[in-house]
There are 2 protein chains.
Amino acid sequence: MTHERVIQMNTSQGSYDIHIAPNALERSKEYFDQLGSTIVISDEHVYPLYGHLLKSPHRFVIPPGEESKTMDTVMEIVNHMLSCGLGRDTTIIALGGGVVGDVAGFVASIYMRGVPYIQIPTTLVAQVDSSVGGKTAVNTGVGKNTVGTFWQPQKVIIDPTTLRSLPRRDVVSGVAEVVKYGVIYDAGFFQYLDTHMEDILSADIDVLCEVIERCCMIKAEVVDQDEKEHGIRKILNFGHTVGHALESLTHYQEYTHGEAVLVGMILETRLARVLGLIDERCSQEVHSVLRRLGIDESIARHSTAALIEHMTHDKKNRNEQISFILPMGVGDVEEFMFDPEELWGYWNEVAGVGAHKVIKHPALVNRPMRRRSTG
Amino acid sequence: MTHERVIQMNTSQGSYDIHIAPNALERSKEYFDQLGSTIVISDEHVYPLYGHLLKSPHRFVIPPGEESKTMDTVMEIVNHMLSCGLGRDTTIIALGGGVVGDVAGFVASIYMRGVPYIQIPTTLVAQVDSSVGGKTAVNTGVGKNTVGTFWQPQKVIIDPTTLRSLPRRDVVSGVAEVVKYGVIYDAGFFQYLDTHMEDILSADIDVLCEVIERCCMIKAEVVDQDEKEHGIRKILNFGHTVGHALESLTHYQEYTHGEAVLVGMILETRLARVLGLIDERCSQEVHSVLRRLGIDESIARHSTAALIEHMTHDKKNRNEQISFILPMGVGDVEEFMFDPEELWGYWNEVAGVGAHKVIKHPALVNRPMRRRSTG
């Protein structure tokens, strides 16, 4: 049996552990037994697979998919919990992917002004990203994650064997977020991914444990420095400015979150190249790893006008400027702000096919966000 | 011009000031000018009176009254803000009574995972209680304040002259919360209220400034010790176990919050007497001040069964026991937990008219919650 890896997460709401191990759910039996009043929030795909392991008398099972990530779902859960007489001492257990985690975490943050919750992510994207760090959210008609809170879980329990039942599309979506950690923070990890991509895609458990641990460590380091995303935490948004716009303009129907971020990373890397922030070799290196996931930017044929219109609603924007996290090299990114008109000028070059003209703009606002020195 | 009084509030989300002064709104002109992007949330009664002083380009005006305190209102405001393109750097200004403050504060806590807000309370109950301390909430069909957050404002601006336009019913409701501070924390303040009750009810500005300052100081002291209501902050719930049940069983139609708390304090004081926690003289002293507000418990003719049923849904309950804050003397209270059946036994005595038999129960769970020693 592979050893358990434990990562400590430090936040303003207290510290908690992220446990990573094959069969972590069975290993946590005693922990669940002492929790007191609980309710499991899960979806119709995941609950039948693992729900029985949690032995909770209460559950609320939502339809799978981004369509469930609404305030209507939140209030259905709240009303169900109230009708069950569940009090402030109830622990919510979020069992599922990113949608379940975001919705259940949001419910936990507002139910009777806040109750504890536990994250048990069962998709790769949730295991390496959304279950860790305390961001909760639902979508509105106007935009993704436009309503939410920062509410930290009591514990995160990650069992990589749950990934074996995932469709390949969901695995690829998760790997997109994994590659993101390499590009934004850790060139060595990026190389590791380049070497082990086939093992990851075929769900090799040892490699997955290693990959998930590295991703969670990076996220814990980043969140420890900047829990509320005033500075360095923004680097986690690489690929997300374009990604969120793609999801929003297709009404969350066409791309998974990971696919949208993957295309986002390809186009944002190209924007960095067009701006002369990175050289052609670095650009090719990032593109080549991303393309090995079997998806490229050609799936995103949307008008520049529609893309930029949706980017102007991004909640990361400030002073009506659009925020981008762009690579300065593998393992190193910075934030840049663009007026919509200015971005339009670059985008024709970005969206074009073939080699790209480099347009180095002298007035780029460059906000340094280097990681905190550990020396 | 009366001097401005400033009280500092210390919380885990930072410190902020409570400003109390006649014409505090006009005095704050420069402060408003430097806020950047803002939106005023107010109600149809209050916005026409003071809205123009805030010079915000955006506003959302809700119908007055508890019926507006719902998630539907919250999402209307959120969608309006999104459609105006308001970003994370927007400051929400809550201008109005407790409903406006609770709703606007809740919106601030969830809009794009949290934006800053300012409280400008215009009713007495909001000036001495709900605007201070960062509790936000909306009601659901099942209970009052069952959904909400702890989200601290950037500043609280209190202008007692706004109380001159209040109907007497709203003034009385506010005075109920004022008397509460005397009973739970400060016997000297209780005596002051006894002496100055007529000045308060006739809206004497100097006396109101003094009263609001004392109440806010007590609340700041209590919240400083226990922001999330795990211990001493619970004393602020004196009168609220019965009060919330009265509001809930009449669907928030019959009593104002203050009236319900007033009746709650009378009945809970009588429960303390029936249990032998206080002597007859102390009981009479509290009753006599409360009755000078022109309301007594005779307005609340509900069956014991209905009352206790609604108390069993109170979110302060633990382990299916009902929580009460009961006086041990003027200026001193403690929490007691009751099984519903046990409470029923006492309640016939509490609800009866005339002198009360004292039933001292030996097994009362007495959880000490004395204030932190300042010596």
Side-chain angles (χ1 to χ4, degrees), chain A residues 12-14 36-37 70-72 74-90 102 106-115 134-151 227-230 312-323, chain B residues 12-14 36-37 70-72 74-90 102 105-115 134-151 227-230 312-321 323:
Chain A
S12 66
Q13 292 167 18
S37 172
T70 64
M71 192 61 95
D72 286 346
V74 166
M75 291 309 289
E76 280 172 28
I77 298 171
V78 162
N79 288 325
H80 176 77
M81 290 177 64
L82 288 169
S83 72
C84 293
L86 296 176
R88 275 181 182 167
D89 51 358
T90 301
D102 280 3
F106 185 62
V107 170
S109 70
I110 65 168
Y111 189 72
M112 296 189 175
R113 296 204 185 91
V115 297
K135 277 192 181 181
T136 81
V138 295
N139 304 326
T140 64
V142 181
K144 195 173 156 68
N145 298 338
T146 36
V147 164
T149 51
F150 287 92
W151 191 246
E227 186 176 345
K228 295 288 181 72
E229 198 172 305
H230 300 303
T312 62
H313 292 299
D314 196 300
K315 67 183 179 307
K316 299 187 292 296
N317 298 345
R318 294 188 301 283
N319 305 321
E320 299 177 9
Q321 289 195 307
I322 300 170
S323 158
Chain B
S12 66
Q13 293 168 15
S37 171
T70 64
M71 193 60 95
D72 286 346
V74 166
M75 290 310 288
E76 280 172 28
I77 298 172
V78 163
N79 288 325
H80 176 75
M81 289 176 65
L82 289 169
S83 73
C84 293
L86 296 176
R88 275 179 180 168
D89 51 357
T90 301
D102 281 4
F106 185 61
V107 170
S109 71
I110 66 169
Y111 189 73
M112 297 189 176
R113 296 203 183 93
V115 297
K135 278 192 181 180
T136 82
V138 295
N139 304 325
T140 64
V142 181
K144 195 174 155 67
N145 298 338
T146 36
V147 163
T149 51
F150 287 92
W151 191 246
E227 187 177 343
K228 295 288 181 75
E229 197 171 308
H230 300 302
T312 62
H313 292 300
D314 197 301
K315 67 181 179 306
K316 297 185 294 294
N317 298 344
R318 295 188 301 282
N319 305 320
E320 298 177 10
Q321 289 196 306
S323 158

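Chain letters run A, B, ... following the sequence lines, proteins first and then strands; every chain starts at 1.
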Given heavy-atom pairs under 4.5 angstrom as the criterion, report whether the side chain, backbone, both or neither of T312(A) touches chain B.
neither
Between M75(A) and chain B, which part of the residue has a heavy atom less than 4.5 Å away: side chain, backbone, both or neither?
side chain
Less than 4.5 Å apart, side chain to side chain, heavy atoms only: is that true for T140(B) and N79(A)?
yes
When the 4.5 angstrom heavy-atom criterion is applied to V147(A) and chain B, the contacting part is both
If I take atom CG from residue N145(B) and atom CZ from residue R113(A), how far apart are they, to the nearest 0.5 angstrom?
5.0 Å
Give a yes or no answer on whether the side chain of R88(B) reaches the backbone of K316(A) with a donor-acceptor pair at less than 3.5 Å.
no
Using heavy-atom distances under 4.5 Å, tell me whether S109(A) contacts chain B through its side chain, its backbone, both, or neither.
backbone
With only heavy atoms counted, which part of M112(B) is less than 4.5 Å from chain A, the side chain, the backbone, both or neither?
both
What distance separates T136(A) OG1 from I110(B) CD1, expressed to the nearest 0.5 Å?
9.5 Å
In terms of heavy-atom proximity below 4.5 Å to chain A, should N317(B) be classed as side chain, backbone, both, or neither?
neither
